[in-house]
Structure formats: structure tokens, C-alpha cells
J.: 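Sharing a structure with you now.
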Amino acid sequence: MALFLFTKAIINDEPVKIFNYGNMSRDFTYIDDIIEGVVRVIDKPPLTSAHTKPDPSSSNIAPYKIYNIGNSNPVKLMDYMEGIENALGKKAKKEFLPMQPGDVPNTYADVSDLVRDIGYKPSTKVEDGIKKFIKWYKEYYGVKI
């Protein structure tokens with residue numbers, strides 16, 4: 001979501017809202033890694049068992065399990081912004097703002113259950129994901145910079 005919003009704003013010469021004055025980090029995950037994780041989880045449904053240890057992310061009654069699919073490699077927001085600017089070849093107009101109510105300064109995906117149960121961990125480097133996204137965005141929207 002941030003990648004799309006930031007890219008669109010930069011291309012359109014609109015300011016990019018940078019909350020907490022840029023003092024944030026996020027666990028950005030490339031969409032292809034999310035899709036791959038979802039497909040792998042679908043292909044390996046959990047089994048029910050009356051003998052399993054209680055786990056708030058699963059059920060002994062119905063076969064479900066909740067997995068966190070993320071890159072598990074937080075990136076400083078300003079480094080992320082720089083990656084977008086480099087991929088676009090254009091600087092962002094930044095509007096630095098205080099923290100939004102309800103937001104958190106850092107996010108991190110714990111993918112240990114996903115790795116243990118499914119044998120999958122997202123692996124696209126943030127820089128590569130940004131470049132792939134920018135390429136798609138320019139082609140899809142016919143953007144010339």
C-alpha cells in the first residue's frame with residue numbers, strides 16, 4: 001500500500017506524508033512473496049487433532065491455522081523512500097508529520113510458524129521488490145518520467 005501511494009505521489013509531484021517525522025521502520029513484503037505464501041498454505045491445510053497443544057492461531061475443531069507472511073526484515077522508512085526515489089529517478093516532496101493516532105513506530109513479521117509448518121520464508125529483497133513494482137507501475141499506467 002505504501003509503495004503504491006508513495007510512487008503515485010512522487011510521479012504526480014504531490015507531497016508524500018511521512019509520519020513520525022520518518023522515524024519508523026516497516027516490514028515491507030513484495031506481493032509475489034505474499035502470493036507464494038498463500039498458495040503454499042492453501043496446498044497444505046492443517047490437520048485437526050484432539051491431542052494438540054492449544055494455540056490461539058489454530059483450532060482442534062476446524063482445520064485452520066493463521067500464519068504471518070512477511071519479509072521479517074524491517075526497513076527504515078527513509079531508506080525505503082530513498083529506494084523508491086532511486087528506482088523512479090525522481091525525488092519526493094516530503095511532508096514530515098507527527099505520528100498518526102493508533103500507528104506504531106515499528107513492525108516486524110514473525111514467520112517462524114510459516115517456516116516450521118510450510119517450509120517457506122519470503123525472500124525478495126526490498127530493493128528488488130521496489131524496482132519490480134516501479135517497472136510494473138510505469139507499464140500499467142503508461143508513465144514516462
J.: How close do Pro122 and Ile69 get, heavy atom to heavy atom, and via which atoms?
T.: CG-CG2, 4.0 Å
J.: Looking only at non-hydrogen atoms, find the nearest pair between Val111 and Gly70 and report the distance.
T.: CG1-O, 3.3 Å
J.: With ring pair (Phe, Tyr, Trp, His ring centres under 6.0 Å) as the rule and sequence neighbours excluded, what pairs involving residues 92-125 come up?
T.: none
J.: Rounded to the nearest 0.5 Å, how far apart are CD1 of Ile145 and CG of Leu88?
T.: 4.5 Å
J.: Who passes side-chain contact (heavy atoms from CB on, under 4.5 Å) against Phe4, sequence neighbours left out?
T.: Lys8, Phe133, Trp136, Tyr137, Tyr141
J.: To the nearest 0.5 Å, how far apart are NZ in Lys17 and CD in Glu95?
T.: 6.0 Å
J.: Are Leu3 and Val143 in one and the same hydrophobic cluster, where Ile, Leu, Val, Met, Phe, Trp and Tyr link if side-chain heavy atoms are under 4.5 Å apart?
T.: yes
J.: Does Asp79 have any side-chain contact (heavy atoms from CB on, under 4.5 Å) partners at least two apart in sequence or in another chain, and if so, which?
T.: Val75, Lys76
J.: Nearest 0.5 Å please: distance from the OG1 atom of Thr7 over to the CD1 atom of Ile130.
T.: 8.0 Å
J.: Specify the closest pair of heavy atoms between Ile10 and Lys90, including all atoms of both residues, with the distance to one decimal.
T.: O-NZ, 3.1 Å
J.: Among Asp117, Leu114, Val41, exactly one meets side-chain contact (heavy atoms from CB on, under 4.5 Å) together with Lys65. Which residue is that?
T.: Asp117
J.: Within the supplied structure, the quantity of interest is the number of heavy atoms (other residues, nucleotides, ligands) at a distance under 6.0 Å from Lys131 NZ; does it exceed 12?
T.: no
J.: Identify each donor-acceptor pair in which a side-chain atom of residues 18-35 lies under 3.5 Å from a protein atom, sequence neighbours left out, and give them as a table.
T.:
unit_1: Asn20; atom_1: ND2; unit_2: Asn23; atom_2: O; d: 2.7
unit_1: Asn23; atom_1: ND2; unit_2: Asn20; atom_2: O; d: 3.4
unit_1: Ser25; atom_1: OG; unit_2: Asn106; atom_2: OD1; d: 2.6
unit_1: Arg26; atom_1: NH1; unit_2: Val104; atom_2: O; d: 3.1
unit_1: Arg26; atom_1: NH1; unit_2: Pro105; atom_2: O; d: 3.4
unit_1: Arg26; atom_1: NH2; unit_2: Asp103; atom_2: OD1; d: 2.8
unit_1: Arg26; atom_1: NH2; unit_2: Asp103; atom_2: OD2; d: 3.4
unit_1: Arg26; atom_1: NH2; unit_2: Val104; atom_2: O; d: 2.9
unit_1: Asp27; atom_1: OD1; unit_2: Ser72; atom_2: N; d: 2.9
unit_1: Asp27; atom_1: OD1; unit_2: Asn73; atom_2: N; d: 3.1
unit_1: Asp27; atom_1: OD2; unit_2: Ser72; atom_2: N; d: 2.9
unit_1: Asp27; atom_1: OD2; unit_2: Ala109; atom_2: N; d: 2.5
unit_1: Thr29; atom_1: OG1; unit_2: Asn71; atom_2: N; d: 2.9
unit_1: Asp33; atom_1: OD1; unit_2: Thr124; atom_2: OG1; d: 3.0
unit_1: Asp33; atom_1: OD2; unit_2: Ser123; atom_2: N; d: 3.2
unit_1: Asp33; atom_1: OD2; unit_2: Thr124; atom_2: N; d: 2.8
unit_1: Asp33; atom_1: OD2; unit_2: Thr124; atom_2: OG1; d: 3.0

J.: Charged N to carboxylate O below 4.0 Å: is that the case for Asp43 and Arg40?
T.: no
J.: Of the non-hydrogen atoms in Thr107 and Pro74, which two are nearest, and what is the gap between them?
T.: O-CG, 3.5 Å
J.: Please enumerate all residues that pass side-chain contact (heavy atoms from CB on, under 4.5 Å) together with Glu127, with sequence neighbours excluded.
T.: Lys125
J.: Mind jotting down which residue pairs meet the salt bridge (charged side-chain N to carboxylate O under 4.0 Å, His left out) criterion with at least one end in residues 132-145? Sequence neighbours excluded, please.
T.: Lys135-Glu139
